[in-house]
**Student:** 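Can you read through this structure? Questions will come right after.
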Amino acid sequence: VETVNVSGYASPGTWFTKLQSGTHSIDNIGATGEFVGRSMENDLLEPLPVERMPGWEDVPQSYKDDVERYFTDDEGRAYCVPESTVLAPALGYNTDHFDSPPTSWEVLWDESLEGKVTMWDRSYIAGAVAARVAGQDWRDPSDWGEIEELLAQQKPLNRTYWKEYQAGMQMFINEEVVAGPMTMGRLFTARFDHGAPIDYVIPEEGTQYSMDQFVIPTGAPHPRASTQFLD
């Protein structure tokens, strides 16, 4: 009987490095879009026979369009199937600290919370948050100088810029921070698995979402079983 091992990762770079080594034993990965693209560029993934996967018919067309737009090669071969959509980011907050949910990303600029807020270290996340606070179109900002100035103002208030999901979540669990951008999955893990007084909200300025994907790495030991799992 085969033993199935499932493990999480603190950062996508963890599994990406294993694929680069060429000595991994990974059958499939719940991946993020940025690293699916990087893996494709480095020939680290197997193309998927989605046309022969019955489950593909049940995937919403908008998700199929995203796969076609970003995750197919010149021959039209798809390298991932949608796993889930996630808010990237949600605004996490400590329910014991706030009497009511914060309504704006501006809470991360509240000087009374100095040392009690955090920011995701990804530039496009921090930039989008600042653009929303500035009232700019986060997809096509009109004043990069204003965004830079806002982030410079916010930096001294941060406890840290978190990089790894686990580290960011742990700050919320330990109540080292009371507000900051985080994935909704990690926030709910903190709440329901660790009993932390945590919730999340979509601020009035809005946020964006991304699509996570399943992929099969080159050299997967059980590619057929993995394809059936993805289907």
Side-chain angles (χ1 to χ4, degrees), residues 2-50 63 66-67 69-75 77-90 92 118-128 158-174 176 180-190 193-194 208-231:
E2 290 283 353
T3 299
V4 178
N5 296 311
V6 181
S7 60
Y9 54 84
S11 168
T14 303
W15 59 259
F16 183 76
T17 301
K18 291 182 179 180
L19 300 194
Q20 286 182 309
S21 73
T23 59
H24 68 87
S25 59
I26 304 172
D27 276 313
N28 59 71
I29 303 168
T32 61
E34 177 183 358
F35 277 83
V36 173
R38 290 188 185 186
S39 299
M40 290 174 61
E41 291 171 1
N42 288 272
D43 296 324
L44 299 176
L45 301 180
E46 290 292 335
L48 303 177
V50 293
Y63 296 172
D66 281 344
V67 170
R69 184 177 300 113
Y70 300 114
F71 306 114
T72 58
D73 60 18
D74 293 339
E75 298 178 40
R77 298 178 300 180
Y79 283 79
C80 65
V81 295
E83 174 194 357
S84 61
T85 53
V86 295
L87 295 176
T118 186
M119 179 66 83
W120 204 333
D121 83 325
R122 297 185 184 179
S123 58
Y124 58 87
I125 297 291
N158 282 336
R159 183 178 184 87
T160 188
Y161 290 85
W162 67 267
K163 181 176 182 179
E164 296 185 341
Y165 299 120
Q166 181 66 29
M169 180 183 72
Q170 198 64 47
M171 286 194 296
F172 278 96
I173 293 173
N174 296 342
E176 299 170 27
M182 174 62 63
T183 63
M184 59 188 189
R186 291 286 177 161
L187 291 167
F188 268 18
T189 296
D193 288 358
H194 298 277
Q208 58 264 34
Y209 74 90
S210 65
M211 179 179 71
D212 286 348
Q213 301 90 11
F214 276 125
V215 297
I216 298 178
T218 299
H222 306 95
R224 292 189 178 185
S226 192
T227 301
Q228 290 180 318
F229 172 74
L230 267 58
D231 186 37

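Position 1 is the first residue of the sequence, and the numbers go up from there.
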**Student:** Taking the cut-offs as 6.0 angstrom to the six-membered ring centre and 45 degrees off its axis, would you call Arg38 and Phe35 a cation-pi pair?
**Tutor:**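 Relative to the ring axis of Phe35, which defines the angle, Arg38 lies inside both limits.
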**Student:** As a quick check of understanding, evaluate side chain to side chain contact (heavy atoms under 4.5 Å, CB included) for Ser39 and Trp15, giving each step before the final call.
**Tutor:** CA-CA 10 Å; Ser39 299; Trp15 59 259; 3.4 Å; yes
**Student:** Is Asp73 reaching over with its side chain to a backbone N or O of Glu75, donor-acceptor style, under 3.5 angstrom?
**Tutor:**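 Pair found, side chain donor or acceptor close to backbone of Glu75.
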**Student:** Could you check Phe16 against Leu44 for side chain to side chain contact (heavy atoms under 4.5 Å, CB included), going step by step and ending with a plain yes or no?
**Tutor:** CA-CA 9 Å; Phe16 183 76; Leu44 299 176; 3.8 Å; yes
**Student:** Return yes if some donor-acceptor pair links the side-chain N/O of Ser226 with the main-chain N/O of Asp27 below 3.5 Å, else return no.
**Tutor:**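 Judged by distance alone, yes, a pair lies under 3.5 Å.
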**Student:** When you measure from the side chain of His194 to the backbone of Asn174, do you find a donor-acceptor pair of N or O atoms at a distance under 3.5 Å?
**Tutor:**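 No; judged by distance alone, with no hydrogens or angles, the pair does not exist.
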**Student:** Could you go step by step and tell me if Val81 and Val50 meet the side chain to side chain contact (heavy atoms under 4.5 Å, CB included) rule?
**Tutor:** CA-CA 8 Å; Val81 295; Val50 293; 4.1 Å; yes
**Student:** Taking all non-hydrogen atoms of both residues into account, name the closest pair between Met184 and Thr85 and its distance.
**Tutor:**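 Taking every non-hydrogen atom into account, CE-O, 3.5 Å.
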**Student:** Please evaluate residues Ile26 and Leu19 with respect to the criterion side chain to side chain contact (heavy atoms under 4.5 Å, CB included), reporting the C-alpha separation (whole Å), side-chain torsions for both, the decisive distance (0.1 Å), and the verdict.
**Tutor:** CA-CA 8 Å; Ile26 304 172; Leu19 300 194; 4.3 Å; yes
**Student:** Using modelled atom types only, decide if a donor and an acceptor are shared between the side chain of Ser210 and the backbone of Ala88 within a distance under 3.5 Å.
**Tutor:**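 Side chain of Ser210 to backbone of Ala88, a donor-acceptor pair under 3.5 Å: no, none is there.
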**Student:** Checking the side chain of Thr160 only, and the main-chain atoms of Trp162 only, is there a donor and an acceptor separated by less than 3.5 Å?
**Tutor:**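 Side chain of Thr160 to backbone of Trp162, a donor-acceptor pair under 3.5 Å: no, none is there.
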**Student:** Quick one: closest heavy-atom pair of Tyr161 and Asp121, and the distance?
**Tutor:**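 Result for this residue pair: CB-CB, 3.9 Å.
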**Student:** Can a donor-acceptor pair be found between the side chains of Thr32 and Asp212 at a distance below 3.5 Å?
**Tutor:**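 Distance-only check fails for Thr32 and Asp212.
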**Student:** Please check if atom CZ in Arg224 has more than 12 non-hydrogen atoms from other residues, nucleotides or ligands closer than 6.0 Å.
**Tutor:**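 For Arg224, atom CZ is not crowded (no more than 12 foreign heavy atoms under 6.0 Å).
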